[in-house]
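See structure below.
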Amino acid sequence: MKNLLFFIFIFLILFSSCKKELPQKIENPKFVRTWYDTVQGMPFRAKLIIKANKTFEYLSGACDSRSKSNGIWNIQNDTIILKSLKPKGCLFQNRFGVYCIPKNDKSFFENNKTIKDCEPNGAESNYEIFENEKFIIENDTLIHINQAKNECGEIRVAFSTKEKIRRSVRK
């Protein structure tokens with residue numbers, strides 16, 4: 001009888017310690033997906049991956065140059081806000097978005113390294129800084145709300161749920 005009570009006791013302990021993990025509610029599931037650039041021309045490509053765990057990853061590139069970023073996001077009303085984490089290593093860092101740099105402005109290129117006086121190298125030596133960058137969804141398009149004064153005209157950054165078809169033009 002003692003053995004039977006002992007086994008029942010052990011059985012109850014084992015199964016009472018098992019917890020069913022409830023699925024986490026995604027704050028705003030319409031943002032959580034892979035988004036593809038729609039505005040930039042050939043050969044540029046960009047992909048923004050917004051994950052359910054409140055992180056994001058950004059990858060872009062053209063020819064021999066690539067850029068990346070990763071960070072965290074939060075939602076305010078109908079707007080998602082992305083903020084990059086501090087990158088590791090020696091990289092060029094660029095602000096995300098549309099910025100026109102005057103031809104005589106050398107300071108943009110002099111002060112854009114993650115470590116002062118380091119020399120970034122390689123095709124993947126660029127890091128995009130998302131500094132509380134805001135996006136909204138209109139129809140099936142994720143649109144960046146440019147917070148800086150845009151002197152480049154009506155250029156905007158937008159992403160779609162579908163990757164654009166790229167065809168090479170041959171003459």
Side-chain angles (χ1 to χ4, degrees), residues 24 26-28 30-77 79-137 141-169:
Q24 291 181 345
I26 298 173
E27 189 173 343
N28 197 330
K30 67 182 180 180
F31 287 106
V32 176
R33 64 185 59 211
T34 299
W35 298 91
Y36 301 94
D37 74 285
T38 61
V39 178
Q40 301 288 338
M42 284 276 294
F44 180 85
R45 287 185 175 183
K47 180 169 42 172
L48 176 61
I49 305 163
I50 299 176
K51 302 175 185 178
N53 66 357
K54 295 201 166 215
T55 65
F56 75 90
E57 184 177 353
Y58 174 78
L59 305 164
S60 69
C63 300
D64 292 335
S65 177
R66 290 179 183 61
S67 183
K68 61 186 174 184
S69 186
N70 62 328
I72 57 173
W73 61 264
N74 65 49
I75 302 276
Q76 287 182 357
N77 300 322
T79 304
I80 189 169
I81 302 168
L82 280 64
K83 181 172 176 61
S84 295
L85 298 174
K86 185 173 172 63
K88 295 179 181 171
C90 178
L91 300 168
F92 290 111
Q93 54 188 359
N94 305 302
R95 295 179 298 182
F96 177 82
V98 177
Y99 296 93
C100 291
I101 304 163
K103 289 181 182 179
N104 60 352
D105 183 4
K106 305 285 184 217
S107 66
F108 177 83
F109 298 101
E110 293 169 357
N111 302 320
N112 72 335
K113 296 177 185 174
T114 55
I115 301 170
K116 188 177 180 177
D117 297 327
C118 74
E119 289 303 321
N121 60 22
E124 296 184 15
S125 62
N126 292 301
Y127 192 81
E128 296 280 335
I129 303 295
F130 287 72
E131 187 62 46
N132 296 317
E133 300 300 332
K134 297 178 180 180
F135 295 83
I136 59 170
I137 292 179
T141 305
L142 183 69
I143 300 172
H144 179 241
I145 301 170
N146 200 359
Q147 298 174 71
K149 184 178 177 186
N150 187 355
E151 293 143 3
C152 304
E154 292 300 317
I155 300 171
R156 68 177 191 171
V157 177
F159 294 88
S160 172
T161 57
K162 294 182 174 79
E163 190 168 14
K164 61 186 170 187
I165 299 171
R166 301 173 189 277
R167 295 187 175 112
S168 60
V169 178

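Reckoned from all heavy atoms, side chains included, excluding hydrogens, waters and symmetry mates.
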Would you give the length of the straight line joining atom [atom1] of [X] to atom [atom2] of [Y], rounded to the nearest 0.5 angstrom?
{"X": "I137", "Y": "F31", "atom1": "CD1", "atom2": "CZ", "result": "4.5 Å"}
{"X": "I145", "Y": "E133", "atom1": "CD1", "atom2": "CD", "result": "10.0 Å"}
{"X": "L82", "Y": "I50", "atom1": "CG", "atom2": "CD1", "result": "5.5 Å"}
{"X": "H144", "Y": "L48", "atom1": "NE2", "atom2": "CG", "result": "10.5 Å"}
{"X": "I143", "Y": "T79", "atom1": "CD1", "atom2": "OG1", "result": "11.5 Å"}

Would you kindly say whether S160 and T38 are connected by a side-chain donor-acceptor distance under 3.5 Å?
-> no
Just checking, is any N or O donor in the side chain of N70 or Y127 under 3.5 Å from an acceptor N or O on the other one?
-> yes
What pair of heavy atoms forms the shortest contact from [X] to [Y], and how long is it?
{"X": "K83", "Y": "N132", "result": "CD-OD1, 3.8 Å"}
{"X": "S60", "Y": "A46", "result": "CB-CB, 3.7 Å"}
{"X": "K51", "Y": "V32", "result": "C-CG1, 3.9 Å"}
{"X": "I75", "Y": "N77", "result": "CG2-O, 3.4 Å"}
{"X": "K162", "Y": "Y36", "result": "C-CD1, 3.7 Å"}
{"X": "L91", "Y": "P87", "result": "CD1-CB, 3.8 Å"}

Is there a side-chain contact between [X] and [Y] in this structure, where contact means two heavy atoms from C-beta onward sitting under 4.5 Å apart?
{"X": "S69", "Y": "F56", "answer": "yes"}
{"X": "F135", "Y": "W73", "answer": "no"}
{"X": "K134", "Y": "I136", "answer": "no"}

After noting the C-alpha distance and the side-chain angles of E119 and K113, does the key distance pass the salt bridge (Lys or Arg N to Asp or Glu O under 4.0 Å) rule?
-> CA-CA 8 Å; E119 289 303 321; K113 296 177 185 174; 3.3 Å; yes
side-chain contact (heavy atoms from CB on, under 4.5 Å) between K54 and I72, worked out | CA-CA 6 Å; K54 295 201 166 215; I72 57 173; 5.8 Å; no
Residues two or more places apart in sequence or in another chain: which of them pass side-chain contact (heavy atoms from CB on, under 4.5 Å) with L59?
-> K47, E57, K68
Under the side-chain contact (heavy atoms from CB on, under 4.5 Å) criterion, do W35 and T161 qualify, and how do the steps go?
-> CA-CA 5 Å; W35 298 91; T161 57; 3.6 Å; yes
Looking at residues at least two apart in the chain, or sitting in another chain, which of them share a ring-ring contact (aromatic ring centres under 6.0 Å, His included) with F159?
-> none
